[in-house]
Amino acid sequence: MTATPAFTCVLDARARLGEGPVWSLDEQALYWVDIKGKALNRFDPATGAARAMALPEEIGCVAPRKGGGFIAGLRSGLWQLDGEGRPVTCLAANPEDQGASRFNDGKTDPAGRYLAGTLDEPKAGGKAHLYRYDRRGLAVLAGGLLTSNGLAFSPDGRTLYHADTPTFTVRRYRYDPATGAVSDGEVFVRLEPKDGDRGRPDGAAVDAEGCYWSALYEGGRVARFSPEGVLLSEHPLPARCPTMVAFGGPDLRTLYVTTASAGRPADELERLPQSGGLFAMTVDVPGLPVPPFDPAA
Ligand SMILES: O=C1O[C@H](CS(=O)(=O)O)[C@@H](O)[C@H](O)[C@H]1O
């Protein structure tokens, strides 16, 4: 197992709960969210320009939309946003108790459908779900979850990866890109909390070799797993809580990772003052392009 290269901070954003990075192939820019800061952010690596667009509620995930604007998972549901990040149309209400549930991690499938799951805030009974949204509406793909996370697809689109962060577990499913149906779920990776290391699988992305990159929340690192679930390498960063990775850049060889600062102990923030920042590193194997959400899918 190798332990290099490492991440450097490309934007000292001081986000409260940075999440949901997604590379816009059209704009060659990175969009990402600050869930607790209620903002959709844009970062242009060519110029270093950063922009924050305020939202009226928490935003957990976002994807560029074919035809313009975005699809986003807010607390109240999946929304179409305009190009300035303003909510335009509620596509599907969050069917859960919105006082205790909000949308969290999301990803488009190879056909342009949107998959997104929720977070059970009291973490009492696993009331969160993973959903699929397409022109047929909202459908449940999995339930009994605490924090739906880690969505990513294999290069052939026939395997869906999905994590439930507090259980330290990533599962994989057979996925039918023609219909968006899932089947045959099984454990892909289960991490063990040990010796004070509570690093657990958060947001993820897959590279062109089919390896699964996972941000380890409270683990201070990003891990790369082979398609068989073997740990291949670990990449530290100066923030305890990385939340999600995304490949970007003209050749998709820049791996971005968002981080959190909210709720972290004061001594940790003093030691790791870039917590909440956006980090990046160059990788050898490029990532897979993530298609935009297609409202016709
Ligand atoms: O709110 C969040 O918290 C989780 C971590 S956990 O559910 O508490 O284990 C984080 O991973 C998630 O992405 C974030 O939105």
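Everything numeric here is computed off the predicted structure, so don't read it as measured data. Atoms within each ligand, like the ligands themselves, are counted from 1 in listed order.
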query = Would Tyr175 and Arg158 count as having a side-chain donor-acceptor pair, cut-off 3.5 Å?
reply = no
request  = Using the ring-ring contact (aromatic ring centres under 6.0 Å, His included) rule, take Phe279 and Tyr256 through it: C-alpha gap first, then chi angles, then the decisive distance, then the call.
outcome  = CA-CA 6 Å; Phe279 295 80; Tyr256 290 98; over 10 Å; no
inquiry  = Among all the protein's non-hydrogen atoms, which is closest to atom 11 (O) of ligand 1, and how far away is it?
reply    = Asp202 OD2, 2.1 Å
message = As an exercise, identify every atom of ligand 1 less than 4.0 angstrom from a heavy atom of Pro166.
response = 7 (O), 9 (O)
query = Does ligand 1 have a heavy atom under 4.0 Å from the side chain of Thr243, from its backbone, from both, or from neither?
reply = neither
key: Protein heavy-atom partner closest to atom 3 (O) of ligand 1 - residue, atom, separation in Å   = Leu119 CD1, 4.1 Å
ask   = Counting heavy atoms not belonging to Arg136, are there more than 12 under 6.0 Å from its CZ?
value = yes
inquiry  = Taking 4.0 angstrom as the limit and counting only heavy atoms of Leu17, give me the atoms of ligand 1 inside it, by number and element.
reply    = 1 (O), 14 (C), 15 (O)
ask   = With a cut-off of 4.0 Å, which atoms of ligand 1 are near a heavy atom of Thr165?
value = 9 (O), 11 (O)
remark   = protein heavy-atom neighbour closest to atom 15 (O) of ligand 1 works out as Asn104 OD1, 2.7 Å
Distance-only N or O hit between ligand 1 and Thr147, under 3.5 Å = yes
request  = Taking only Lys NZ, Arg NE, NH1 and NH2, and the carboxylate oxygens of Asp or Glu, determine whether Asp34 and Lys36 approach each other closer than 4.0 Å.
outcome  = no
key: Among Glu19, Met244, Glu58, closest by any non-hydrogen atom to atom 13 (O) of ligand 1   = Glu19
ask   = Using a distance-only test with no angle check, is there a side-chain donor-acceptor pair under 3.5 angstrom linking Arg190 and Thr169?
value = yes
query = Got the closest protein heavy atom to atom 9 (O) of ligand 1, with its distance?
reply = Arg200 NE, 2.9 Å
ask   = For ligand 1, is Arg102 a contact, meaning one of its heavy atoms is under 4.0 Å away?
value = yes
query = Can you find a side-chain donor-acceptor pair between Thr118 and Lys127 that sits under 3.5 Å?
reply = no
key: Residue part near ligand 1, for Lys123, under 4.0 Å between non-hydrogen atoms   = side chain
task = Please check if any side-chain donor atom of Ser148 sits under 3.5 Å from a side-chain acceptor atom of His162, or the reverse.
result = yes
Between Asn94 and Ser101: side-chain donor-acceptor atoms closer than 3.5 Å = yes
request  = Considering the heavy atoms of Ile35, write down every atom of ligand 1 situated less than 4.0 Å from one of them.
outcome  = 15 (O)
Glu270 atom CD, neighbour heavy-atom count above 12 within 6.0 Å = no
query = Measuring from the heavy atoms of Asn149, does anything fall under 4.0 Å of ligand 1?
reply = yes
